Structures are given as C-alpha cells and as structure tokens.
2 protein chains.
Amino acid sequence: MRVSRDQAEKNRQTVIDVASQLFREHGFDGIGLKDLMKAAGLTQGAFYKQFASKDDLAAQASKRAFESAYRLRSAVAAANPQDPLAAVIALFLSMEHRATRMDGCPLVALGADAARQGPEVKASFEAGIKEYLENFGRLLGEVGGEEPSGKAMAILSTMVGAVLLSRAVNDERLAKRFLQAAAESVMGLSAGAVQTGQHQ
Amino acid sequence: MRVSRDQAEKNRQTVIDVASQLFREHGFDGIGLKDLMKAAGLTQGAFYKQFASKDDLAAQASKRAFESAYRLRSAVAAANPQDPLAAVIALFLSMEHRATRMDGCPLVALGADAARQGPEVKASFEAGIKEYLENFGRLLGEVGGEEPSGKAMAILSTMVGAVLLSRAVNDERLAKRFLQAAAESVMGLSAGAVQTGQHQ
DNA sequence: ATTATCTATAGATCTATAGATAATGC
DNA sequence: ATTATCTATAGATCTATAGATAATGC
C-alpha cells in the first residue's frame, strides 16, 4: 500500500493539478474531496496526509491554476514575437477559452468564489492578479514600476468580464460578440504601447 | 398553522427576495434550503409547496436580483438627469458596490456560478444580461436597434470585471484603483454619446 | 520503525418527501 | 374539504478522523 516518498510527492502534485482543473470546472463548493481524490487515482483517506484541509488544497490549486495560466501566456507571447500582446489578448478572448473552463483563466472561473473564501485562497488570487498586471504592463512596454498601471487594470477587467459574460449566455453569437467587442476595446486601450518585440 | 393565500403568496415572495440576496452572498452551492427558509422566517418543510426544486428557486431568485438591479439603475438615472450614464457608472464602480455583494450586481456575484447551472438559471442570466445591454444602449443615446452594441458590451464587460477583481483582492488601495481605472476607461468609451437628458 | 494509502466510520449537512396539524375557504 | 406550514425522517453526500495494511527507509 505504501509508496515511495518520490511517488508520494508525485501523487500530491497530481492532486493539486487535478484540483486546479476540477475547481475551475465545478467551483470550490461544487466538487467534494472524494471525487477529487478519485480523479487523481487515490482514495479519500489519503487526503489528510497531504493537505491540512479542503481550504488548504483550494489555495494551492488556485496558485497552480495561475501558474499554468502564466506559462500559457508566456508560450503564446514567445511564439508571436512581432506582437506578443495582441497574441495574448486573442488567446484570452477566444471562443476556445470560453469553452474550456477547466484549463482557462482562474479569475473568470473562480474570481467570485474566491471573494467568499478564506485568507489563504484570497492570497493566492491577489498574487495571481498582481502577476497578470505585471505581465500586461511589460507587454504594454511599460517600465517596471512598482505600481500596476491603470491601463493594465482596465485591460484585465475588460477581458475577465467579457469571458465571464460570454460563458453566462447560451446564445453563441452573443457570446462571440462579447469577445469581439472586448478585443476591439482592449486593442484600442493598448494602442500607443511601445512595440519592442521583447516580451516576458 | 395554515395561513391565507394572500399570506402564502407574500411568504413566497419573501423567500425569493431573501434567496436573491443570500445566493449572491454565498453562491448557489454555498447556502442550503434550511438556512434560506429560516432567513425567510419559515421552516424547510414549507419549501416544496412553493418551489419545484432548489434549481427552480435559483432561477427565480436570479430573475429577482436582476429586477432589483434594474430598479436601482433606473432610480439613479432618474435622480441624475444631466448625466444618467455617468451616475450609473459611478454607482457600479463604487467601493460601496464592492462591499455589498448581497445587494450588488448578480453578474459579478454569480456570473461564474450561473455558467455551471442548469438551463433555467442560465435563461434568467441571459435575459438579465440583455436587459443591461439595452439599458446601457439607451443611456448611450443609441436608437433602439434589435442588436446590442459593441460599445455597451465593452462597457458592461469592463465594469463587471473590475468589480469582480476588486472583490478578489484584500488590498483596498488596489481594489479602488481597479474601479478607478475601469471608470476612466468606460467614460472614454462612452464619450461621444448623445446627451439627451432623457433616460429610461 | 516509519509511513503512504487503504477501508471504515463519525457526525454534520444536503435535497427531497411523508405525515401531522391547524387554519382557511367554500 | 382543502391546504400552508410544521416536525420528522429517508437517503445521499460532505469534511474529517481512526485504525489496519503493506511497502519503504533506515
């Protein structure tokens, strides 16, 4: 029954990965520990050797979700050196992003849930939001001031709101128009940004 | 024990009102029927004479939440005939709105939850979103075309995202800056709107 | 000897239903 | 006679814990 420490650590990472997806899909309250552990290939009994509580897992899974969102943005930016910001915006405001809650932005999927959670989860979200803002600031060609810029905050707000609203309506045409309207608005906001061809 | 039909109908309305607030506060999965009925001054047993299921109540409570949001927008617009749009925007992007989830915009509080709910709840949200867009279209001075305008969609997306993000961070200063950045961006988008002094 | 995972379970809570009760509505 | 609400409960599920098991790590 017992596995090696190496394997135990791998199992723990799998639980966090799986939880980061299933929480985004069902909400923090929409899935139980039994189903989470089963999806990770374990039983519920193993949970409390790995995590202090469901809240603890929620905080770690949130952090993980922001990490994979960051990795995806970086990869897309690197693949489009001529206009990395436009590429990141297009990815965020795509119908594919709307369709894949499980792998999408945690702010859209869990932002409202996070506002109701304990301090651990909220800390993960606050850090994730600041990372988004720094990231956008750099893509906008801003010098790395310590304060996030209003422009970055407006862009993030618009994109998060648009994907949220596009998911809340069944009408696919309306959903698409939300994403397009946000894209136009955000591209307008980012116009005038220095195009250095550099990113990260 | 039995009450008059009049009183029974009043009780039903109270349940819907209370649920529209408590769902916004705790999420659809964050509060049970027992607590909802208790908050309405009844016991859980009375629930199923009034509603078909929790989903049914969720759909009706969502509709009610959009109605009271609409009433509030109308009142604020009527009280500020010189610039009703600016007044509605200022209300939406206020720290008071951020603080009162229970009485605030259902899109911010429950938009992500709604995307995971059944068709009844989603229908309430779709109708509520279309109402917001028509409302903003009129305030922008647009003639009432059948299609919501991209401008109205961008404004709604930005405001919903900004309040959502402002609630997800603990840092009050950052929260305020999100709202301010969104206000500036949205006022820029709405510039050029016809100022007729008429509303509704 | 230690420990990662398992099965089993405690105790609380969830949605939904059943039957009793007491007031309304005819 | 009808029925709105109550108490009580069924059956499922939730988080968390306890103790058994079997493999690792020393």
Side-chain angles (χ1 to χ4, degrees), chain A residues 1-20 22-62 110 113-114 116-121, chain B residues 1-20 22-62 110 113-114 116-121:
Chain A
M1 278 176 151
R2 187 183 174 192
V3 300
S4 72
R5 282 181 189 164
D6 228 57
Q7 184 58 47
E9 178 56 21
K10 275 178 194 150
N11 288 346
R12 211 179 71 90
Q13 296 302 324
T14 302
V15 173
I16 297 172
D17 281 332
V18 160
S20 90
L22 293 182
F23 281 143
R24 274 179 279 181
E25 185 72 26
H26 301 105
F28 291 122
D29 292 335
I31 188 157
L33 298 179
K34 190 177 172 184
D35 288 334
L36 284 169
M37 293 301 277
K38 192 198 281 186
L42 298 167
T43 65
Q44 198 182 343
F47 183 83
Y48 288 91
K49 271 273 159 63
Q50 295 174 327
F51 304 98
S53 64
K54 190 183 180 184
D55 247 41
D56 177 26
L57 175 61
Q60 294 195 49
S62 298
L110 293 169
D113 277 40
R116 303 176 199 120
Q117 298 292 316
E120 297 162 317
V121 172
Chain B
M1 278 176 153
R2 186 183 175 191
V3 300
S4 72
R5 282 180 188 165
D6 228 57
Q7 185 57 48
E9 178 56 22
K10 275 177 194 150
N11 288 346
R12 211 179 71 90
Q13 296 303 324
T14 302
V15 173
I16 297 172
D17 281 331
V18 160
S20 91
L22 294 182
F23 281 143
R24 274 178 280 181
E25 185 72 26
H26 301 105
F28 291 121
D29 292 335
I31 187 156
L33 298 179
K34 191 177 173 183
D35 289 334
L36 284 168
M37 292 301 278
K38 193 197 278 183
L42 297 166
T43 64
Q44 198 184 342
F47 183 83
Y48 288 91
K49 271 274 158 61
Q50 295 173 327
F51 303 98
S53 63
K54 191 183 180 185
D55 247 41
D56 178 26
L57 175 61
Q60 293 194 50
S62 298
L110 294 169
D113 277 40
R116 303 175 199 119
Q117 298 292 317
E120 297 163 316
V121 173

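Quick caveat: nothing in here was measured; it's all calculated off a predicted structure. A note on names: the letters A, B, ... follow the listed sequences, proteins ahead of strands, and every chain is numbered from 1.
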If pairing requires Watson-Crick or G-U wobble contacts with both distances under 3.5 Å, which nucleotide is the partner of D:dA12?
C:dT13

Just the rounded figure in Å: distance from P of C:dT15 to CE of B:M37.
12 Å

Contact class for B:K49 vs. all strands (heavy atom < 4.0 Å): base, sugar-phosphate, or nothing?
base

N or O in side chain of B:N11 less than 4.0 angstrom from D:dT5 OP1/OP2:
yes

Please determine if a side-chain N or O atom of B:Y48 lies less than 4.0 Å away from the OP1 or OP2 oxygen of C:dT17.
no

With a cut-off of less than 4.0 Å, is there a side-chain N or O of B:T43 near OP1 or OP2 of D:dT5?
no

B:F47 vs B:K34, side chain to side chain contact (heavy atoms under 4.5 Å, CB included): CA-CA, chis, key distance, verdict
CA-CA 9 Å; B:F47 183 83; B:K34 191 177 173 183; over 6 Å; no

To the nearest angstrom, how far is B:H26 atom NE2 from C:dT13 atom P?
14 Å

Comparing B:V3 and B:F47 on DNA chain C - which has the more 5′ nearest nucleotide:
B:F47

Now, which nucleotide makes the Watson-Crick or G-U wobble pair with D:dT2, with each of the two distances under 3.5 Å?
C:dA23

Minimal heavy-atom distance between A:M37 and A:Q50, with the atoms involved, is CE-OE1, 3.8 Å

Which whole-number value in Å describes the distance from A:R12 CZ to C:dT5 P?
11 Å

Rounded to whole Å, please give me the gap between CZ in B:R2 and P in C:dA22.
15 Å

Spacing between A:L42 atom CG and D:dT21 atom P, to the nearest angstrom:
20 Å

Under 3.5 Å side-chain donor-acceptor pair for A:Q13 and A:D17:
no

Quick check: does any side chain N or O of B:K54 sit under 3.5 Å from a backbone N or O of B:F28, one acting as donor and the other as acceptor?
yes

Does the side chain of B:V15 reach to within under 4.5 Å of the side chain of B:L57, using non-hydrogen atoms?
yes

Using only side-chain N and O atoms of B:R5, determine if any of them is under 4.0 Å from OP1 or OP2 of C:dC26.
yes

Please work out if A:G32 contacts a base, only the sugar-phosphate, or nothing of the nucleic acid, heavy-atom cut-off 4.0 Å.
sugar-phosphate

Calculate the interatomic distance between A:L33 atom CG and C:dA10 atom P; express it in whole Å.
19 Å

It should be established whether A:Q50 places a side-chain nitrogen or oxygen under 4.0 Å from OP1 or OP2 of nucleotide C:dT5.
yes

Distance check needed: C:dT13 C1' versus B:Q44 CD, whole Å only.
10 Å

Integer-rounded Å distance: C:dT13 P and B:D29 CG:
17 Å

If you assign B:S4 and A:S4 each to the DNA chain C nucleotide with the nearest heavy atom, which residue ends up on the more 5' nucleotide?
A:S4

